[in-house]
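Reviewing the structure listed below.
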Amino acid sequence: MTDDTLMTPREPQLIALNVNGERHEVITEARRTLVDVLRHELRLTGTHVGCEHGICGACTVLVDDRPVRACLMFAAQAEGARIRTVESLADGNRLSDLQRAFSEHHALQCGFCTPGFLMLAEGFLAERPEATKEEIREVVAANMCRCTGYQTIVEAIDACATARRRACAQTCPSKED
Amino acid sequence: MTRQERGRPLVGRSVPRREDRRLVSGRGRFVDDIALPGMLHAQFVRSTVAHGEIMSMDLSAVRRVPGVVAAFTADDLAIADITAQLGRPRSQFVPTAMPVLARDKVRYVGEPLAIVVGLDAYAAEDGLEAAHVEYAPLPPVLGEETALADDAVLVHDEAARNTLVDVSLFATDGIDDIFDAAHRVVEVDVTTGRQNALPLETRGAVAHWDDREEQLLLQTCTQVPHQVRTVASRCLRLDERAVRVVVPDMGGGFGQKCVVGREEIAAAAAALRLGRPVKWIEDRKDALSASFLAREQHYRARAAFDTDGRILALDADVVCDMGAYSCYPFTAGIEPLMASAEMPGVYKVPAYRVRGRAITTNKAPTAPYRGVSRPQYVMVVERLFERAARELGLDPVEIRRRNVITDFPYTGVNDITYDPGSYLESLNLCERVVRDEGWYDTRTAAAAEGRHIGIGYACFSERTGYGSSAFAQRKMQVVPGFDISEVRMDTSGAVTVTTGTMSHGQSHETTMAQIVADALGLDIARVRLHQGDTDRVTYGWGTFASRSITVGGSAVRLAAERLGDKLRAIAAALWDTEPEQVELAGGHVRRRGGDGAHDVLTHQEIAEVAYLRADLLPKDIEPGLTATATFDVFNDGTFSNATHGVVVELHQGTGKVEILRYVCVEDCGVAIHPQVVEGQCRGGIAQGIAGALYEEVTYDAVGEPSATSFMDYKVPTAQEIPEVSIHHLETPCAFTATGAKGAGEGGTIGAPAAVLNAVNDALRPTGTELDHTPITPQTVHRALNPEPVP
C-alpha cells in the first residue's frame, strides 16, 4: 500500500490536468471535485454547478471526448485525461457553429445551464453526427433547463447537426468511397 | 443587421441577443464566479426539527474544525429582524418578525441558526457537522386543519389560529339569494401542491466592506437589488448610502429571488465582523428544502349559472399555506390578496364574494412564484366552467364564449378595469387550431379503441403593469410600482441606459436597447444597459410580476425620448431651424426635407457640441446629454391574455399523462422581441406543466421535507415537456409607453388549468374528476383501473 492511499481527504496533493489542450499543475485536496478545481483553482468559471449530485448536468464537460458530470468526478481522477470545457468551443472571438445555433434559436435565456448543454451536444454530435431530432431530444433530457422549455435547445442542436451534415455532404468523401 | 435594415424600427424584431456572446462562451459572471482576495466561504447550521425551542447551541467544536475561521449565532451578530408589513387592521393582518438567524425558536427544517465561515466551502461544511444544538421539540403544524384548529399549537405566538392574513372582500349584496335561485350551482374543491420555483442557479452572495468607498459591497443574485439594499442597511444598522448591492449575471429567479433572503444578510454581517470578503453559495439540498417555496393553496369555490350557461355569481374561500414566515417586501398577503382581487379573470362575473387567508405552518417560507396565485385561481374558475358545461350539456368552449369579456374597457365586480384584450379571439383561434389539426376526431377514434385522449383549454388574462396605486390598494406598506430610467449619451455618441428592473433571463440587455435605439435613431450596438447596481441605477423595483417591459421599458422609452428631444433641440439650434424639423433615424440626425451633406449630422457630432463646445449651445440648453424619466401605471394595470389548448393521452397501464399537443395563443400587446416573448411562453408553460404533473414538496408527519435532491423532486426534462406552437395576437396597450403588456408569467398561469381540464376530459368515461395538482400517475391509474367490485 502506498502512502497515497493513506492520505486523508484534506491533505493536499499535486495533480496535473490537461484542460483545453493546456497542462495545469494544481495542489489540491483529494476530495475536491473536478468542477470545483476547474472553477476555483483554474478559474475556468464557464462550467457551472447546479446540483452536485449528477442530475442537472450544468457541470457537463468532455473527458476524453465524452460528456461527463464534473461534479461526480474527483479532479484527481481526471489526471491523464483530455478535459474540454465550454471555454474551448470558440476560436478566439469567433463562436463555434454550435454556439451560434444556440443564440440564433434562442436556446438560452438566463444562460446558466447553457455551458452544460453545449458540452453535452458537442460530445454527442461528435459521436453521432447523423442523430435525428428525436435522438437529440432524448439526449437533451440528460440535462435540466428551467427557462426555455427545451424546445429551442433541441432545435438549435438539430439545426447545427443538419448544417454540419450539409457541409459534409459537399466536402467530405462519401462513406461508400 | 444589414445596411438595408438600418432605419427600420428594431421594436417588433427578433434581433440577436446582446447577452448571448458571453453566456455561450462561458464568460458570463454569476455570483459563484466572483473571487476576491482573502475571500472566506460560509455555510449555515440549519434546524433539523420542524418546530421547537432552542435549548442550547454549542459551536465550540465547530470553531476547532481545521479550516473553520469563525462561527456566529444570532447573539454574536446582533442583526435586526426582517419584518414585512401590510397596512391592514390586526383582524386582517398579523405582522411577524423573521430573524436573520433563529434565536429562541425554530419553525421549519432548514431554518438557519448559525453561520459557519471557513477557508473554503468544504471546510465550512466540515464545520457544520460539529455543531451541537439541543431543542425542546414542539408539535409541528403542517396542514390547514391543524393550523386552523381552535386549540392549534402556534407557529408565532402573536398569530392566533396560525392566521397571518384574513380578508373578506367584494361581497355583492344578495349573493346568497342568487345562488338559491340559480338554475345550476357547481362546486369545486381544488388543492395545489407546494412547489419550488427552482432557478438552476441557487441563491448566493459575496459581501465585503470596501474601505475606499466606505461601503458594504453586497454582490448577490436578487431580482430586487434596491430592496435588498434597504433591508441590509436596516438589519446591519448602516446608512443606506453605505450599502451597495450589485447583481451579476443571474441564473433564473422566477420569484424565489424577488424577496430578501436571510442568508445574504447574515453573510454580509459575517463579512463586516471578520473584515474579509465572505461568499455564501446555497447548495441544492438547501435550495430544495430550505429556500423559499410556493404555491400550496386550497380553494373551495362555487358558481351559479343560468339555463344558458351564463355565470351569475362566484363565491370562494381561499387558504394559502405560507410556511413559517412572511416574506419581505410582499408579506404573506401576496397570494390570498392576489387570488381575491383577480379571481373573476376574463369572465363577466356579476356577483362575487371571496375570503382569502394566509396561514403559517412549520414548513419552509414561501415567496411569490411566477404567476402568483393565478395558476391556481384560473384552475379553479376553469374547472367551474367545465363542470357547468357538463351539467348543462354545453360544449366547454361554447360556455366560455358566452362568458368572456368582449366589451372594453370593462370594469369588473372586483373593482378592476380591464384594458382591451382578445379574450374571445384567442379562444376561437385556439379551438380552431386544435380542431383543424384533427384532434377532436382523434379523440373520438381513440375512445372507440378504449384509449383515453382528452382535450382541455384554459382562457385567462395576466394582470401586469401593476403601478404603485395597484400595490397601495393591496395595502402594502412598502409600495412597489414605478420605475426610473436614465439615458446618458457620451461624447462619442454612445448611450448608456439604466433600469431598475433586473434581468434573470428575460433579455433586458437586448429589449431595452431596442427601445432606446429606436427612440434615438441609433445603432443598437451603441446602446448599453446598466442594471442591478444600486450605485449606478437611481432607483427601481426590480423584476417580478411581468413588470420589466411594461413599467421599466416605459421609463426607458420616456427617458430616451427626452434625450432625443434634447438632441433635436441642439441640432435645430445648429441648423437655425425648429426641433420638429430634425429627425433621428438610421444612425443619423437629419434635417427634414434636406438631402445635402450639411443636412446630416452624426450623434457624435451633436454629443461633442453638448459636452465639448458648450459655447455653441443656446442659453436655454444645458450642457451634457442625460435625461431621466419615471414611469408609473395609474390605472388598474394592463392585461395580457391567452388561451392554451392541450391534448393528453392517459396510459391505462402506468397512469402516465402524455401531452400529445400544446397550442398557445397569446396577446401581450406589442411584442418588443417576438422570439423572447415565445421563449417566455415556452419556459412558463414548462413550469406550469411541472406543477400540473410532476413537482411537489411534501412533508412527513414530523415535518421533514421529502424533496432534498433531484432524485425526489421531479423536474421535467426534454422528454416530458412537449413542443409548443405559439400563435400571436396583438392588442396594443394604451397605458404603457411601448404598447407592450407583460409576458413573463402567462405560460405558467395557463398550463396547469389546461392540463387538468384535458386530463379530466380524458377521464370523463370513468366518472372520476381530479381537482389536485400535481396529478400523479397513481391517481390517474386509480381512476382508470378502479377496484373490481367484489
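Order of the sequence lines sets the chain letters (A, B, ...), proteins ahead of strands, with each chain counted from 1. The basis for the numbers below is simple: all heavy atoms, side chains too, and nothing from hydrogens, waters or symmetry mates.
Scanning both residues, B:Phe710 and A:Cys56, for their nearest heavy atoms gives CE1-CB, 3.9 Å. The minimum heavy-atom distance between A:Cys110 and B:Met250, with the atom names listed, is CB-O, 3.3 Å. Across all non-hydrogen atoms, the minimal contact from A:Tyr150 to B:Thr717 is CE1-C, 3.3 Å. For A:Ile55 against B:Met711, the heavy-atom pair with the smallest separation is CD1-SD, 3.4 Å. Considering every non-hydrogen atom in both B:Gly26 and A:Val86, the closest pair reads CA-CG1, 3.7 Å.
Heavy atoms closer than 4.5 Å to chain A are found nowhere in B:Ala287, neither backbone nor side chain. Proximity to chain A (any heavy atom under 4.5 Å) is shown, for B:Tyr122, by both the backbone and the side chain. With a threshold of 4.5 angstrom between heavy atoms, A:Leu108 approaches chain B through its backbone and through its side chain. Heavy-atom distances place no part of B:Ala121 under 4.5 Å from chain A, backbone and side chain included. With a threshold of 4.5 angstrom between heavy atoms, A:Arg39 approaches chain B through side-chain atoms but not through N, CA, C or O. Both the backbone and the side chain of B:Ile721 come within contact range of chain A, judged by heavy atoms closer than 4.5 Å. For A:His40, the part lying near chain B is the side chain, with the backbone staying farther off; criterion is any non-hydrogen pair under 4.5 Å. B:Ser709 touches chain A through backbone and side chain together, each having a heavy atom under 4.5 Å away. Heavy atoms of A:Gln109 lying under 4.5 Å from chain B belong to its backbone as well as its side chain. With a 4.5 Å cut-off on non-hydrogen atoms, B:Asp33 touches chain A through its backbone and its side chain both. Of the two parts of A:Asn93, the backbone and the side chain both hold a non-hydrogen atom closer than 4.5 Å to a non-hydrogen atom of chain B. Using a 4.5 Å cut-off between heavy atoms, B:Asp120 touches chain A through its side chain atoms alone. Interface remark: A:Arg100 contributes no atoms to any contact with chain B (heavy atom separation under 4.5 Å). Looking at B:Gln687, the atoms closer than 4.5 Å to chain A (heavy atoms on both sides) all sit in the side chain, from C-beta outward. Looking at A:Glu87, the atoms closer than 4.5 Å to chain B (heavy atoms on both sides) sit in the backbone and in the side chain alike.
A donor-acceptor pair is defined here as one N or O able to donate and one able to accept, closer than 3.5 Å; such a pair exists between the side chain of A:Arg137 and the backbone of B:Ala718. Between the A:Arg146 side chain and the B:Val715 main chain, no donor and acceptor come within less than 3.5 Å of each other.
Note: B:His673 and A:His106 have tilted aromatic rings, judged against thresholds of 30 and 60 degrees for the angle between ring planes.
Chain A forms more heavy-atom pairs under 4.5 Å with one residue of B:Leu288, B:Val676, B:Thr202 than with any other, namely B:Val676. Of the listed residues (A:Thr114, A:Leu95, A:Val140), the greatest number of heavy-atom pairs within a distance under 4.5 Å of chain B belongs to A:Leu95. Between chain B and the residues A:Ala141, A:Ser103, A:Gly111, A:Ala90, the largest count of heavy-atom pairs under 4.5 Å involves A:Ala141.
With rounding to the nearest 0.5 Å, the separation of CD in B:Glu201 from NE2 in A:His48 is 8.0 Å. Here the CD atom belonging to A:Gln99 is positioned 11.0 Å from the CG atom belonging to B:Leu23, to the nearest 0.5 angstrom. Separating the CD atom in B:Gln675 from the CD atom in A:Glu104 is a distance of 9.5 Å, to the nearest 0.5 Å. Remark: A:Cys147 SG to B:Gln680 CD distance equals 8.0 Å, nearest 0.5 Å. To the nearest 0.5 Å, atoms OG (B:Ser25) and CZ (A:Arg94) are separated by 12.5 Å.
Atom CZ of B:Arg29 has 12 or fewer neighbouring heavy atoms from other residues, nucleotides or ligands inside a 6.0 Å radius.
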Inset, instruction - Assess whether side-chain contact (heavy atoms from CB on, under 4.5 Å) is satisfied between B:Asp249 and A:Phe112, documenting all intermediate values. - result: CA-CA 9 Å; B:Asp249 282 321; A:Phe112 190 79; over 6 Å; no
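With a 4.5 Å cut-off on side-chain heavy atoms, A:Thr148 and B:Arg682 do not count as touching.
Taking 4.0 Å as the cut-off between side-chain N and carboxylate O, B:Glu125 and A:Arg31 do not count as a salt-bridged pair.
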